[in-house]
Asks: 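Let me begin by handing over the structure; questions about it come next.
When a ligand or atom number is given, it counts from 1 through the structure's own listing order.
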Amino acid sequence: MFNYFQPSKIHFGQGMLEKLAKISSKYGDRCMLVTTPNVEPLDKLFGRVKNLLSSEGIEVIHFDKVLPNPTVEIVNEGFKLAAEHKVDFILAVGGGSSIDTAKIIALTNGLESIDWDNLFSNYTNPFENYSPLSEYKLPLIVVPTTSGTGSQVTQAAVITKGLEKNTIFHPNNFSNECIIDPELMKTLPLKITASTGFDAFTHAFESYINKRASVFTDIQGIKAMKLVIENLPKAVMDGQNLEYRENLAIADSLAGCSLANSGASTPHPLSEIIGGITNISHGESLAVVFPAFVKWSWNNNITKFAKVARQFNKELYKAEDREAAEALYDELVKFLKIIGLYKTLKDFGVTEKQLEEILQCPILGFLPFGSKEELQDIIRSSY
Ligand code: NAD
């Protein structure tokens, strides 16, 4: 038995951004555009988006204050601006940080203020059919400019409060529509291409080995991993190549759909604890813990680990499952070296004091994936 749900309408293809005004116009004539600061190289894209919308008579209020790993303070500011201008819909143009900020602004629109304690404590289950938080929830259109978080097709929004990264799950966090145009990823710096591309790989992998995985998510997960393995090393050498960009964009959404329906595994919560305390980017903090996680867990699901290992190295089709599963660690390390992400926490400048803070994070005692001691061991080995 399994459930599969995916309500976001996907418009995919090179040049698809040109359809933005037509897609948006049914949601009203006043929109709040949510982005990171209006500076190079994305300023040109934001200008193009505003021109496309105004040519259809849509007024744009631009909230350009999002920063990577968005905080409650940033979301509060956007929330107030949306209320002040009584916008009809929200449009996120950017990576996961802009999309997640936009999700919470849309979700809470109409409330007097955002009750963060309520959001962080009561919306923690990705598969719960929570009631709407507000009857004035705004429609959400998403234009991703990175290929990694899958946020355009997930019910999750990751927001930081102090040193804690929290994921808020709500069925109303799914975008209404998303426009995925691989041309928009050409300006993405190669380092962020690598970390976001690896993020997509982890969504596919973690949802593939999750107990909730189904035949639907397995197909999506395996295809997404194959696309990342084949295209990410080439994209980090040649970010202008549209074929690689397109394949990574497909992988991103396939992995996002799989994650939304089957859920993450150990590396995601660990990377969120690390990201909250150190501000290392999401994809990089995943890459830091992944080798130790694979070494610790390959024996728990030999068939699936073997299948993933064979995506990296076709020679492993000749090996028994057990041998192939164990080889995944070496294959993964090789891959991380090629894309420039084989690093330890120490390489990122994490101090021993910060390591201790990470190890003592109370959440480690409540995760369903392993004992506190086992999870601490993964983190220690990643230092
Ligand atoms: P990001 O949105 O934080 O962006 C990183 C940087 O890249 C920013 O400075 C941004 O302006 C820049 N950038 C983005 N697109 C660009 C482009 N095309 N050209 C040039 N610069 C560009 O990066 P991200 O990795 O997409 O998002 C990370 C956030 O998403 C984290 O907070 C993470 O926790 C969250 N996340 C959310 C989900 C979800 O399902 N909601 C899943 C995974 C991660």
Asks: Starting from atom 35 (C) of ligand 1, locate the nearest protein heavy atom and write down its residue, its atom name and how far away it is, to 0.1 Å.
Replies: Asp100 OD2, 3.6 Å
Asks: Which protein heavy atom lies closest to atom 9 (O) of ligand 1, and at what distance to 0.1 Å?
Replies: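 Of every protein heavy atom, Pro68 CG, 3.9 Å lies nearest to atom 9 (O) of ligand 1.
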Asks: Testing the basics here: between Ile168 and Ile159, what is the closest heavy-atom pair and its distance to 0.1 Å?
Replies: CD1-CG1, 4.1 Å
Asks: Relative to ligand 1, is Ile192 under 4.0 angstrom through side chain, backbone, both or neither, heavy atoms considered?
Replies: side chain
Asks: Can the ring centroids of Phe198 and Phe201 be said to lie less than 6.0 angstrom from one another?
Replies: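 Under 6.0 Å, so yes.
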Asks: With a cut-off of 4.0 Å, which atoms of ligand 1 are near a heavy atom of Pro189?
Replies: 20 (C), 21 (N)
Asks: Is the ring pair Phe205/Phe293 parallel, tilted or perpendicular, if the boundaries are 30 and 60 degrees?
Replies: perpendicular
Asks: What's the shortest distance from atom 31 (C) of ligand 1 to any protein heavy atom, and which residue and atom give it?
Replies: Asn69 OD1, 3.6 Å
Asks: Examine Leu184 against ligand 1 and note whether any of their N/O atoms are separated by less than 3.5 Å.
Replies: yes
Asks: Can you list the atoms of ligand 1 that are under 4.0 Å from a heavy atom of Pro41?
Replies: 20 (C)
Asks: Within the structure, is a non-hydrogen atom of Ala260 found at a distance of less than 4.0 Å from ligand 1?
Replies: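 Judged by the 4.0 Å heavy-atom criterion, Ala260 does not count as contacting ligand 1.
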Asks: Which atoms of ligand 1 are found less than 4.0 Å from any heavy atom of Thr146?
Replies: 14 (C), 15 (N), 26 (O)
Asks: Does Thr149 approach ligand 1 within less than 4.0 angstrom via side chain, backbone, both or neither, non-hydrogen atoms only?
Replies: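 Within the 4.0 Å criterion, Thr149 contacts ligand 1 through backbone and side-chain atoms alike.
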Asks: Specify side chain, backbone, both or neither for Ser281, according to which of its non-hydrogen atoms lie closer than 4.0 Å to ligand 1.
Replies: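 Near ligand 1, Ser281 shows nothing, with every heavy atom at 4.0 Å or more.
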Asks: Does only the side chain of Lys186 get under 4.0 Å from ligand 1, or the backbone, or both, or neither? Count heavy atoms.
Replies: neither
Asks: Using a 4.0 Å heavy-atom threshold (strictly under), name the region of Leu188 that reaches ligand 1: side chain, backbone, both or neither.
Replies: both
Asks: If we set the cut-off at 4.0 Å for heavy atoms, which region of Lys165 has an atom near ligand 1: side chain, backbone, both, or neither?
Replies: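 Looking at Lys165 and ligand 1, just side chain atoms fall under 4.0 Å.
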Asks: Is at least one protein non-hydrogen atom found at under 4.0 angstrom from atom 1 (P) of ligand 1?
Replies: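 Yes, because at least one protein heavy atom sits under 4.0 Å from atom 1 (P) of ligand 1.
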Asks: Backbone, side chain, both or neither: what part of Asp199 comes under 4.0 angstrom of ligand 1, heavy atoms only?
Replies: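 It is the side chain that gets close, since no backbone atom is under 4.0 Å.
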Asks: Is it the side chain (CB and beyond), the backbone, both or neither of Thr145 that lies under 4.0 Å from ligand 1, heavy atoms counted?
Replies: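 For Thr145, backbone and side-chain atoms both sit under 4.0 Å from ligand 1.
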Asks: Which one of Pro126, Ala156, Gly275, Gly96 has a non-hydrogen atom at the shortest distance from atom 41 (N) of ligand 1?
Replies: Ala156
Asks: Any idea which protein heavy atom is nearest atom 25 (O) of ligand 1, and the distance to it?
Replies: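 Protein heavy atom at minimum distance: Thr196 CG2, 3.2 Å.
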Asks: Under the criterion side chain to side chain contact (heavy atoms under 4.5 Å, CB included), I'd like the reasoning laid out for Ser151 against Lys103: C-alpha separation, chi angles, the key distance, then a yes or no.
Replies: CA-CA 9 Å; Ser151 184; Lys103 281 180 173 180; 3.0 Å; yes
Asks: Heavy-atom distance under 4.5 Å between the side chains of Thr108 and Phe79, does that happen here?
Replies: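 A side-chain contact under 4.5 Å exists here.
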